[in-house]
Amino acid sequence: MSDVHLKDIRRCLERLHWKVVEELDGDGYRISGVWLIQRPDGTNQFHLDFTGFDDLETLPIEKSYACEIREAPHVSCYFSRKGRSWPIELADFEEKLQEWGAK
């Protein structure tokens, strides 16, 4: 993952009227970091977990390789290399997030 991926994910959330309200540490094992997300009015809170499990360490969030909504693991995204597949992954994530909508 790169800063571009993080910025793209944040912009995707904002387009769908979500707001990152807190950035939390990971679990020191599988999760690199967590974004606490909610609607601007404070409703429908959820956790976006960034996966960064590596052989012997937990990667920093900038080097994580996927994310998923803890409360809805089917809403996930793999951070492919910048190129053709990343926009497709991001669009798929956005569609799933929009459908789920923190019900």
Side-chain angles (χ1 to χ4, degrees):
M1 178 187 220
S2 69
D3 288 334
V4 171
H5 290 101
L6 285 174
K7 288 177 184 175
D8 287 349
I9 291 288
R10 191 178 293 265
R11 279 193 299 265
C12 170
L13 292 165
E14 291 170 356
R15 270 193 309 276
L16 298 175
H17 307 288
W18 293 101
K19 180 180 174 184
V20 178
V21 293
E22 194 170 357
E23 296 184 20
L24 307 167
D25 291 334
D27 62 6
Y29 176 64
R30 188 179 76 82
I31 305 299
S32 297
V34 178
W35 286 357
L36 186 59
I37 298 168
Q38 65 187 23
R39 294 288 187 193
D41 67 0
T43 61
N44 294 358
Q45 193 173 75
F46 67 88
H47 300 86
L48 187 62
D49 294 331
F50 290 88
T51 307
F53 178 73
D54 198 19
D55 290 338
L56 300 174
E57 64 181 340
T58 305
L59 300 170
I61 195 168
E62 299 82 17
K63 293 185 179 181
S64 60
Y65 49 84
C67 68
E68 71 179 25
I69 294 177
R70 184 181 304 170
E71 294 81 0
H74 68 281
V75 182
S76 62
C77 184
Y78 176 73
F79 308 135
S80 57
R81 300 262 184 232
K82 290 178 271 182
R84 292 182 188 191
S85 59
W86 171 237
I88 294 167
E89 277 288 328
L90 184 61
D92 186 53
F93 174 76
E94 185 170 343
E95 183 179 320
K96 288 177 187 173
L97 177 58
Q98 201 165 15
E99 287 173 5
W100 176 69
K103 296 175 182 173

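At least one side-chain heavy atom of Phe93 sits less than 4.5 Å from a side-chain heavy atom of Val75. Using a 4.5 Å cut-off on side-chain heavy atoms (C-beta onward), Asp8 and Trp86 make contact. Proximity of Trp35 to Leu6: side-chain heavy atoms (C-beta onward) are separated by under 4.5 Å at one or more points. Annotation: side chain of Asp54 is not in contact with side chain of Lys63 (no heavy-atom distance under 4.5 Å). Leu13 has its side chain within reach of Leu97: a pair of non-hydrogen atoms, C-beta onward, lies under 4.5 Å apart. Inter-residue side-chain proximity for Ile9 and Leu90 is flagged as met; some heavy-atom pair is nearer than 4.5 Å. Counting only heavy atoms from C-beta outward, the side chains of Thr51 and Ser64 never approach each other to under 4.5 Å. Proximity of Phe53 to Tyr65: side-chain heavy atoms (C-beta onward) are separated by under 4.5 Å at one or more points.
Note on Ile61: it clusters hydrophobically with Val20, by side-chain heavy-atom contacts below 4.5 Å among ILVMFWY residues. The hydrophobic cluster containing Ile69 also contains Ile37, counting ILVMFWY residues as joined when their side-chain heavy atoms lie under 4.5 angstrom apart, directly or transitively. Under a hydrophobic clustering in which Ile, Leu, Val, Met, Phe, Trp and Tyr are joined whenever their side-chain heavy atoms come within less than 4.5 Å, directly or via other members, Val34 and Leu59 fall into different clusters.
Glu68 approaches Arg30 most closely through the heavy-atom pair OE2-NH2, 3.9 Å. Of all non-hydrogen atoms in His17 and Arg39, the two that sit nearest each other are O-NH1, 3.1 Å.
Interatomic distance, CD1 of Ile88 versus SG of Cys77, reported as 11.5 Å (0.5 Å rounding). The distance from the CD atom of Glu14 to the NZ atom of Lys7 is 12.0 Å, given to the nearest 0.5 Å. Here Asp49 contributes atom CG and Arg70 contributes atom CZ; the two are 4.0 Å apart, rounded to the nearest 0.5 Å.
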Q.
Please evaluate residues Gln38 and Asn44 with respect to the criterion side chain to side chain contact (heavy atoms under 4.5 Å, CB included), reporting the C-alpha separation (whole Å), side-chain torsions for both, the decisive distance (0.1 Å), and the verdict.
A. CA-CA 5 Å; Gln38 65 187 23; Asn44 294 358; over 6 Å; no
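Counting heavy atoms of neighbouring residues, nucleotides and ligands inside a 6.0 Å radius, atom NZ of Lys96 exceeds 12 of them.
The aromatic rings of Trp100 and Trp18 sit parallel to each other, their planes meeting at less than 30°, with 60° as the upper class boundary.
For Glu89 (side chain) and Tyr78 (main-chain N/O), a donor-acceptor pair under 3.5 Å exists by modelled atom type.
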